[in-house]
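In what follows, every heavy atom counts, from backbone to side chain, and hydrogens, waters and symmetry copies are set aside. So you know, we letter chains A, B, ... as the sequences are listed, proteins then strands, and number each from 1.
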2 protein chains.
Amino acid sequence: MYFCVNKYLMTRSEENYIKTIFHLGRKGTQEVATNAIAELMETKPSSVTDMIKRLSEKDLVNYKRYQGVSLTALGNKTALNIIRKHRLWEVFLVEKLDFSWDEVHEVAEQLEHIKSDKLIDSLDRLLAYPKFDPHGDPIPDKNGGFKERDRELLSEVPVNTGGVCVGVKDSSATFLKFLDKNGIALGNQIKVMEIEEFDGSLNIEIDGRKMQISHVIASNLYIKASDEI
Amino acid sequence: MYFCVNKYLMTRSEENYIKTIFHLGRKGTQEVATNAIAELMETKPSSVTDMIKRLSEKDLVNYKRYQGVSLTALGNKTALNIIRKHRLWEVFLVEKLDFSWDEVHEVAEQLEHIKSDKLIDSLDRLLAYPKFDPHGDPIPDKNGGFKERDRELLSEVPVNTGGVCVGVKDSSATFLKFLDKNGIALGNQIKVMEIEEFDGSLNIEIDGRKMQISHVIASNLYIKASDEI
DNA sequence: ATTAAAATTTAGACAAATCTAAAAATTTGT
DNA sequence: ACAAATTTTTAGATTTGTCTAAATTTTAAT
Ligand SMILES: [Mn+2]
Ligand SMILES: [Mn+2]
Ligand SMILES: [Mn+2]
Ligand SMILES: [Mn+2]
């Protein structure tokens, strides 16, 4: 009847593990390694094993000793719900409270654990149902559905093509502040003019202005190819 | 230089105890009894004693065995900061997310523990620096200063006087929904027409409309006396 | 196919926050 | 003043989430 994602008591720690397993499961093989979780969460592998057992008890993950871990359907839904909250709060902080995009993550890490369906639905409405967060990442809808936007890394597109900057791969404060300093933001029109043989750095034109960026920078910027160049 | 109220790691549980001690210390003697805390927090006295010792270690409360507990200056400031957050979030929920005044408390209990000075300052600005929460309770400013509004219980004023309804003493969902059902809200002009000898119930005129309310209801409504009756 | 290295799990300990049951101190009633 | 009732504290146990150190399993290398 009324489909609850997971009202059943989940601790903050459990939610963080589920979220981490989700993120690691996306990029790479389905089965997530204990050590990978430990590294991302800055904790010890033994702690991870302990928690995995608890999550397994609650049917949030599939677990076979020594074989890695993966989310169950319930775990997946739970993860998407937390990510939805995280990203909606990030939009709120930027749109309504004038946070910059490098300041939102830390606070969203706290806000994502607030339990109230009504709260998050109302927030969604207040923000006019945004589809993407300040870093260009998609916001799952209340059923956990979301569309991965069609996009490519700027470092992957050939010379003389381009598009609109729609996201960042690395969303660390350091990188985001670097982008601010250099006047690079989501929505900018970017065109690759030339790629240096020597170090792979790119000469680009961004909203009419010419500049040079390193390969590392380009490999952390997503663009959506525009047909008319 | 930069005066932090209490950035130093406080757990959610510690914050809840501090808040409870603050509320109990206001109405009554300064020293708060262990059992009173336990009852309000729906926990056991032995748990309270344990926590009091921890809070005492951190110089948030003054404690002498068997003699009750009181907040230190630091504890007081901490309590006011939590209450500020609680009440600002309540205003946000009502003003921006269309919550009704009986729905906000539960969510605010969670939101009050989010740690971010910038967040709460920005929220304050978004809400245009409100002075009172949806239940008429004053919102401390960022230095912990707040003015207890000049107000009296409706049950205490003499016949033929009145004023504006500015707050509720009991802010339980049950009472608030009762008020909604009977069209009583903050801002209403209330005048006491007659007080029944028999059971103390009151005939009142509220925004022009006549009605009868029990003594219990009247003793949970605050009004601010208006000079012109 | 063994052995070495790496990953993972277990065992045992610890701090936070809670509980129950029992002991100690305080307050109350006569 | 002194026994009884009440309040408060202590002692010991439990759950959650973490750690270190040691054992086990898997993977990689020769
Ligand atoms: Mn984030
Ligand atoms: Mn984001
Ligand atoms: Mn409240
Ligand atoms: Mn309130």
Side-chain angles (χ1 to χ4, degrees), chain A residues 6-21 24-25 28-71 75 78 82 109-110 112-113 115, chain B residues 6-21 24-25 28-71 75 78 82 109-110 112-113 115:
Chain A
N6 208 344
K7 282 196 160 42
Y8 326 102
L9 41 129
M10 278 197 74
T11 67
R12 170 175 301 220
S13 190
E14 286 172 338
E15 290 190 345
N16 283 332
Y17 273 95
I18 290 294
K19 198 177 47 152
T20 301
I21 295 168
L24 287 170
T29 54
Q30 197 68 333
E31 302 292 302
V32 176
T34 304
N35 275 5
I37 299 170
E39 189 176 9
L40 200 56
M41 297 192 69
E42 294 179 321
T43 183
K44 301 294 169 182
S46 54
S47 307
V48 175
T49 302
D50 284 350
M51 180 57 87
I52 284 173
K53 285 182 194 162
R54 275 196 290 274
L55 296 175
S56 182
E57 281 301 307
K58 298 190 179 187
D59 276 315
L60 290 159
V61 301
N62 306 116
Y63 173 59
K64 285 160 292 177
R65 277 159 79 250
Y66 292 101
Q67 299 306 125
V69 73
S70 63
L71 294 180
T78 303
I82 301 165
E109 283 292 308
Q110 298 180 60
E112 72 188 3
H113 301 290
K115 265 98 178 162
Chain B
N6 208 345
K7 281 198 162 37
Y8 328 103
L9 39 130
M10 279 197 73
T11 66
R12 170 176 300 217
S13 190
E14 285 172 338
E15 290 190 344
N16 283 331
Y17 273 95
I18 289 295
K19 198 177 46 150
T20 301
I21 294 167
L24 287 170
T29 55
Q30 197 68 333
E31 302 292 301
V32 176
T34 304
N35 275 6
I37 299 170
E39 189 176 7
L40 200 56
M41 299 193 67
E42 295 180 322
T43 183
K44 301 294 168 184
S46 55
S47 308
V48 175
T49 302
D50 284 350
M51 179 56 88
I52 284 173
K53 286 182 194 161
R54 275 196 292 275
L55 297 175
S56 182
E57 282 301 306
K58 298 191 179 185
D59 275 315
L60 290 160
V61 300
N62 307 116
Y63 172 60
K64 285 159 295 178
R65 275 160 79 250
Y66 292 101
Q67 299 306 125
V69 72
S70 64
L71 293 180
T78 304
I82 301 165
E109 284 292 310
Q110 298 180 59
E112 72 189 2
H113 301 291
K115 265 100 179 162

Step-by-step side chain to side chain contact (heavy atoms under 4.5 Å, CB included) determination, B/H113 to B/T11: CA-CA 9 Å; B/H113 301 291; B/T11 66; over 6 Å; no
Audit row: B/T34, B/Y63, side chain to side chain contact (heavy atoms under 4.5 Å, CB included) steps and yes/no: CA-CA 11 Å; B/T34 304; B/Y63 172 60; 5.7 Å; no
Worked verdict on A/K64 versus A/V69 for side chain to side chain contact (heavy atoms under 4.5 Å, CB included): CA-CA 7 Å; A/K64 285 160 292 177; A/V69 73; over 6 Å; no
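B/S13 comes within 4.0 angstrom of the backbone, heavy atoms only, and of no base.
For the pair A/E15 CD and D/dT16 C1', the interatomic distance rounds to 15 Å; values are reported in whole Å. When the C1' atom of D/dT10 is taken as reference, atom CD1 of B/I52 falls 14 Å away, rounded to whole Å. Distance NZ (B/K64) to P (D/dT8): 14 Å, rounded to an integer number of Å.
For B/T20, the side-chain contact (heavy atoms from CB on, under 4.5 Å) partners at least two apart in sequence or on another chain are B/L24, B/I37, B/L40, B/M41. Under the rule for a side-chain hydrogen bond (donor to acceptor under 3.5 Å, both in side chains), the partners of A/E112 that lie at least two apart in sequence or sit in another chain are A/K19, A/H86.
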Between the protein and nucleotides 2-5 of chain D, list every N/O to N/O distance that falls short of 3.5 Å.
none

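Remark on DNA chain D: of its neighbouring residues A/M51 and A/R65, the 5'-side contact belongs to A/M51, judged by nearest-heavy-atom nucleotide.
The base of D/dT7 is not paired with the side chain of B/Y66 by any donor and acceptor separated by under 3.5 Å.
Contact footprint of chain B on DNA chain C: nucleotides with an atom under 4.0 Å from a non-hydrogen protein atom, first to last in 5' to 3' order, C/dA17 to C/dT26.
OP1 or OP2 of D/dT10 sits under 4.0 Å from a side-chain N or O of B/K53.
Salt bridge status for A/E39 with A/K44: absent, with no side-chain N to carboxylate O gap under 4.0 Å.
For the pair B/K115 (side chain) and B/M10 (backbone), a donor-acceptor distance under 3.5 Å is present.
Of all heavy-atom pairs between B/Q30 and B/G25, the closest is OE1-O, 3.7 Å.
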Considering only distance and modelled atom types, tabulate donor-acceptor pairs under 3.5 Å from the side chains of residues 48-61 of chain B, sequence neighbours left out.
residue: B/T49; atom: OG1; partner: B/P45; partner atom: O; Å: 3.2
residue: B/K58; atom: NZ; partner: B/E14; partner atom: OE1; Å: 3.3
residue: B/K58; atom: NZ; partner: B/E14; partner atom: OE2; Å: 2.9

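Contacts between residues 33-48 of chain B and DNA chain D, counted as heavy-atom distances below 4.0 Å, involve B/A33, B/T34, B/N35, B/P45, B/S46.
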